[in-house]
Amino acid sequence: FRHTQAKKAEGQCKVKAEDDDVENLLREEDEYEEKIDFSADTIGALKWKEDLAQKAAQAFLRQQRSTPNLRKLVYGTAVEDEDPEGEDAGDELGGLFHVSRPDKASKQKANALDCSKFLIEKPQDWDLEEVMSSIRDCFVTGKWEDGK
Amino acid sequence: MAGEAQCLSYAGCNFLRQRLVLATLSGRPMKIRKIRAREEDPGLRDFEASFIRLIDKVTNGSRIEINQTGTTLYYQPGLLYGGSLEHDCSPTRGIGYYLESLLCLAPFMKHPLKIVLRGVTNDQVDPSVDVLKATALPLLKKFGIDGESLEIKINQRGMPPKGGGEIVFACPVRRVLQPVQLTDPGKIKRIRGTAYSVRVSPQMANRIVESARSILNKFLPDIYIYTDHMKGVSSGKSPGFGLCLTAETVNGTVLSAELASNPQGQGAAVLPEELGQNCAKLLLEEVYRGGCVDSTNQSLALLLMTLGQRDVSKVLLGPLSPYTIEFLRHLRSFFQIMFKIETKAPEEEHMGGEKVLMTCVGIGFSNLSKTIR
């Protein structure tokens with residue numbers, strides 16, 4: 001921050017270049033005050049920096065979490081559909097009959113339609129200008145990056 | 001291949017195709033239990049039975065055991081054989097259901113596969129033959145599977161419920177696959193499409209084209225939608241119409257969307273104008289998702305990356321579909337391969353949604369049954 005201090009001093013020099021010695025003295029006082037200000041600034045700056053580091057760490061953690069999240073989503077729950085056999089044995093009436101319960105969501109998924117199409121759950125309103133502009137640059141008619 | 005490998009066990013009929021395909025490619029036996037075990041009509045359906053028969057046709061020496069109620073399936077894969085074949089697909093699912101899996105298996109046959117498939121070419125559930133032709137074939141080419149013999153030809157169009165369509169799929173064999181680096185999809189330069197109509201007025205297709213163009217022209221001037229009206233024998237057994245759209249980028253990425261009319265006797269009649277507009281909007285959604293591979297072909301791309309040479313492959317995808325997520329889990333259990341998955345925010349503001357970068361090192365799979373000449 002020495003550099004910024006010098007700059008500020010320089011700026012003040014320009015403003016008060018034509019001032020007399022008295023004002024020069026005052027300016028020195030000003031500068032002195034500024035120094036105090038500066039120390040306050042520095043504390044602020046440090047605080048800001050601390051905050052930044054924390055923010056960066058949080059952002060990093062968030063990103064770290066989101067990336068393995070997708071990984072977890074794909075590879076984390078693979079054994080889910082392997083429901084244990086013992087589950088069925090529990091619901092017995094008089095040791096003879098099984099209580100047939102409606103299928104759970106996971107079981108329905110196991111016996112769901114085998115289809116590779118990726119259906120769109122919430123279609124966007126493509127008549128709206130803002131929705132249309134969200135893909136505007138995917139086309140050759142859109143904006144091109146520099147150097148292409 | 002390793003016959004005494006540990007048997008994998010699954011429950012439920014979902015993802016039957018990818019399990020059978022991966023079991024065949026990895027040579028690992030597999031068992032599926034509880035196939036619709038709690039339903040009133042338990043066991044395998046006819047379209048699944050037809051699929052299993054197809055797998056049996058393209059392989060040599062597979063052992064398939066199904067219990068009496070059809071709720072348990074045991075599969076011990078044989079060798080992929082290929083050759084000239086034909087198969088009658090069940091009309092309850094589209095030919096796309098069968099073709100998708102054949103696209104995964106065909107490059108690894110002993111003899112180049114040339115197969116005639118009969119059934120429903122376009123329906124509302126499965127990716128149609130038109131879309132697979134426009135998207136999957138360019139994708140295979142990127143992995144070094146190309147040549148004149150790679151083709152999908154629609155001889156006859158068949159709509160549900162009765163079908164009556166016929167296609168020919170031919171694919172050359174490759175000993176090794178090239179690793180790919182598909183990280184930049186590029187900008188979309190043109191939109192192509194096919195509006196088809198069978199056993200209805202040929203004017204339907206024209207009406208679809210008009211309405212689809214009215215939406216897409218706001219983005220791009222280079223749009224051409226072919227009208228395809230098939231007559232007589234080649235129009236199948238049921239009436240219907242629909243539209244397939246593809247968006248091609250400067251880097252050769254193809255994104256697609258499609259819609260078909262309701263099958264005869266099911267649901268309300270669809271106006272061709274409405275269908276055209278909705279399909280155009282679906283294509284815009286697909287563009288918003290983006291990536292270097294169409295959302296239906298994500299799993300095919302990931303499979304070919306897995307089976308590539310021992311080198312790093314990268315591909316940028318749109319959001320992962322549930323089918324793809326399950327496919328990744330299966331890739332891990334069959335091939336012990338895990339992908340590096342990174343989310344990527346689009347570089348610029350008007351470039352659609354978040355993307356996913358998938359990275360893996362190929363397992364160095366080589367087609368053992370192909371003789372080196």
Side-chain angles (χ1 to χ4, degrees), chain A residues 63 65-85 88 98 100-104 106-127 129-146 148, chain B residues 9-17 34-39 48 97 100 125-127 185 187-189 215 218-221 250 280-282 284-285 287-290 295-299 319-325 328-329 332-333 338-343 347-353 356:
Chain A
Q63 203 189 350
R65 231 181 296 136
S66 83
T67 317
N69 245 357
L70 200 54
R71 204 181 160 80
K72 222 189 225 169
L73 175 77
V74 175
Y75 292 121
T77 53
V79 266
E80 211 177 13
D81 48 16
E82 287 278 324
D83 53 344
E85 293 271 355
D88 299 309
H98 286 281
S100 182
R101 291 187 193 279
D103 281 356
K104 280 190 276 173
S106 67
K107 279 185 185 167
Q108 270 169 2
K109 191 187 143 226
N111 275 320
L113 185 78
D114 182 14
C115 179
S116 68
K117 264 201 197 171
F118 190 8
L119 299 175
I120 291 147
E121 279 166 16
K122 273 188 245 155
Q124 305 177 72
D125 187 359
W126 289 102
D127 297 323
E129 192 58 42
E130 52 203 288
V131 179
M132 272 165 61
S133 76
S134 69
I135 57 164
R136 186 71 71 189
D137 292 345
C138 294
F139 296 86
V140 283
T141 46
K143 199 179 80 202
W144 287 70
E145 301 99 83
D146 300 330
K148 277 192 180 174
Chain B
S9 176
Y10 295 101
C13 68
N14 205 356
F15 311 114
L16 175 91
R17 288 179 299 162
K34 294 186 180 174
I35 299 171
R36 300 194 182 90
R38 296 276 184 103
E39 285 176 34
E48 285 157 340
Y97 176 84
E100 272 185 299
V125 184
D126 291 299
K187 290 188 189 296
I188 293 161
K189 61 175 177 182
I215 289 191
K218 293 176 197 162
F219 293 93
L220 204 66
V250 285
K281 285 176 183 171
L282 282 183
L284 297 179
E285 291 279 357
V287 171
Y288 181 82
R289 281 174 177 170
S295 66
T296 26
N297 289 302
Q298 283 176 349
S299 51
L320 301 178
S321 71
Y323 187 83
T324 308
I325 290 174
L328 282 166
R329 293 176 189 155
R332 181 178 64 169
S333 46
M338 276 167 90
F339 279 72
K340 191 175 159 205
I341 309 166
E342 294 162 279
T343 45
E347 290 157 31
E348 313 238 337
E349 203 184 338
H350 305 296
M351 295 283 271
V356 183

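Each chain gets a letter, A, B and so on, in the order its sequence line appears, and its residues count up from 1. Remember, predicted model here, so these are calculated numbers, not experimental data. Note: hydrogens, waters and symmetry copies are ignored here, and every other heavy atom, side chains too, is used.
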* To do: Could you walk me through whether B:Lys281 and A:Asp125 pass salt bridge (charged side-chain N to carboxylate O under 4.0 Å, His left out), step by step?
  => CA-CA 9 Å; B:Lys281 285 176 183 171; A:Asp125 187 359; 5.2 Å; no

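Looking at B:Pro319, the atoms closer than 4.5 Å to chain A (heavy atoms on both sides) sit in the backbone and in the side chain alike. B:Glu100 touches chain A through its side chain: at least one heavy atom from C-beta onward sits under 4.5 Å away, while N, CA, C and O do not. Looking at B:Ser299, neither its backbone nor its side chain comes within 4.5 Å of chain A, counting heavy atoms on both sides.
Here the shortest heavy-atom pairing between A:Asn111 and B:Glu39 reads CB-OE2, 4.1 Å. In terms of heavy atoms, B:Arg329 sits closest to A:Lys109 at NH1-NZ, 4.1 Å. Across all their heavy atoms, A:Thr141 and B:Phe219 have their closest contact at OG1-O, 2.7 Å.
Within the 3.5 Å criterion, the main-chain N or O of B:Asn14 finds no donor-acceptor partner in the side chain of A:Asp114. Formation of a donor-acceptor pair under 3.5 Å by the B:Tyr288 side chain with backbone atoms of A:Met132 is not found in this model.
With a 4.5 Å cut-off on side-chain heavy atoms, B:Pro322 and A:Phe118 count as touching. Annotation: side chain of A:Arg71 is in contact with side chain of B:Met338 (closest heavy-atom distance under 4.5 Å). The side-chain heavy atoms of B:Pro127 and A:Ser116, taken from C-beta on, include a pair separated by under 4.5 Å.
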